[in-house]
Novice: 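Once you've had a glance at the structure underneath, I'll fire off some questions.
Computation of the quantities below employed the complete heavy-atom set of this structure, encompassing side-chain atoms and omitting hydrogens, waters and symmetry-equivalent molecules. Residue numbering restarts at 1 for every chain, and letters A, B, ... go by the order of the sequence lines.
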Amino acid sequence: MSAGVSRTDEETPVFFDLETTGLNTRSSDIVQLSAISGVKTFNVYILPRCPIDSGASRVTGLTTRRDTLLLHGTPVPTTPLTEALYSFISFLKTFNRPVLVGHNCKRFDCPILLRILREIHLLEEFQQVVSAYLDTLQLSREMFILEKHSQSFLVQHFLHKDYGAHNATEDVRALQELYRVWSPSRELVNKHMFIL
DNA sequence: TGCCAGGCCCTCTTTAGGGCCTT
């Protein structure tokens, strides 16, 4: 084999994103969970157990009224929390111990996701189906000298697309596309992968 | 009424402060 490691030897990246009730990683609930890898996609909406912060509603368009989750005022079907995370685990099982990739996931998405998995006693099962995590914010800061590294800025800069989605399904599609364009080296990916 | 977090990084730093990044 040549000096570089064949790309096919790498763990499959699964790009994921959460929309949550707020920015506090110790108390926020998940409202939407999306993931994508190649053409395989996953998406669930979850009725949160706590109110959605006004700031979060402003950026995601998600609100609650009684026991209904609304997206820009229109009801969306929700999945009970435990069932939603079970089905996410089932989705991840269709890959061979993938790497979960998210933007700022080390400081935001992972702490929330893993705290809630622990609360509903699914953390151990989850960790068995995921091999590691990769944060594209850290990757971007190492790969590129830019004034900003927010996902919306990066999408405009590299993909030349207007982007203000803040919908998890669109966020993960954009992140997967960014990653393809960046094509980070195995060495860089390894450097920024982490285990929780 | 309006605000609410927190860890990392940078620099006009280190006995600190402010911006970034996520919702």
Novice: Is A/E177 salt-bridged to A/R173, cutoff N-O under 4.0 Å?
Specialist: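 Salt bridge between A/E177 and A/R173, a charged N being under 4.0 Å from a carboxylate O: no.
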
Novice: Please, which pairs that meet ring pair (Phe, Tyr, Trp, His ring centres under 6.0 Å) have at least one residue in residues 44-76 of chain A, sequence neighbours excluded?
Specialist: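 Sorted pair list comes back empty.
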
Novice: Looking across every strand, which nucleic acid part, if any, lies under 4.0 Å from A/K148 by heavy atom: base, sugar-phosphate, or nothing?
Specialist: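 Since only primed, P, OP1 and OP2 atoms lie under 4.0 Å of A/K148, the category is sugar-phosphate.
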
Novice: For B/dC4 versus B/dT23, give the span between their C1' atoms, rounded off to a whole number of Å.
Specialist: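 Their C1' atoms lie roughly 13 Å apart.
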
Novice: Would you mind checking if A/R186 and A/E11 are paired as a salt bridge, meaning a charged N to carboxylate O distance below 4.0 Å?
Specialist: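 Counted as a salt bridge, because a side-chain N and a carboxylate O are separated by less than 4.0 Å.
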
Novice: When the nearest nucleotide of DNA chain B is assigned to A/S54 and to A/R141 on a heavy-atom basis, which residue is associated with the more 5' position?
Specialist: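 With A/S54 and A/R141 compared, the 5'-side residue is A/S54.
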
Novice: Tell me, please, whether A/Y133 has A/K106 positioned over its six-membered ring: NZ or CZ under 6.0 Å from the ring centre and within 45 degrees of its axis?
Specialist: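 Checked: cation-pi criterion not met.
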
Novice: I'd like to know if A/R118 pairs up with A/E124 as an ion pair, taking the criterion as any Lys NZ or Arg NE/NH1/NH2 lying under 4.0 Å from an Asp or Glu carboxylate oxygen.
Specialist: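 A/E124 and A/R118: not salt-bridged.
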
Novice: Which part of the nucleic acid, if any, lies within reach of A/T20 when heavy atoms closer than 4.0 Å are counted: base, sugar-phosphate only, or nothing?
Specialist: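 Sugar-phosphate contact only.
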
Novice: Hey, which of these two, A/N104 or A/R26, hits DNA chain B nearer its 5' end, going by closest nucleotide?
Specialist: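 Looking at DNA chain B, the more 5' nearest nucleotide goes with A/R26.
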
Novice: Salt bridge or not for A/K93 and A/E125, using N-O below 4.0 Å?
Specialist: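 Salt bridge between A/K93 and A/E125, a charged N being under 4.0 Å from a carboxylate O: yes.
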
Novice: How far, in whole Å, is B/dT13 from B/dG18 if one measures between their P atoms?
Specialist: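 Those two atoms are separated by 13 Å.
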
Novice: Classify the nucleic acid contact of A/N24 as base, sugar-phosphate or nothing, counting any heavy atom under 4.0 Å across all strands shown.
Specialist: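 It contacts sugar-phosphate atoms only.
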
Novice: Would you classify A/D17 as touching base, sugar-phosphate or nothing, given that sugar-phosphate means primed atoms plus P, OP1 and OP2, and contacts are heavy atoms under 4.0 Å?
Specialist: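 Sugar-phosphate contact only.
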
Novice: When the P atoms of B/dC8 and B/dC12 are compared, how many Å lie between them, rounded to an integer?
Specialist: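 Nearest-Å result for B/dC12 against B/dC8 at atom P: 22 Å.
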
Novice: What is the 5' to 3' range of DNA chain B, first to last nucleotide, that sits under 4.0 Å from any heavy atom of chain A?
Specialist: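 Counting from the 5' end, contacts occupy B/dA5 to B/dT23.
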
Novice: Roughly how many Å apart are B/dC9 and B/dT14, using the C1' atom of each and rounding to a whole number?
Specialist: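 Their C1' atoms lie roughly 14 Å apart.
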
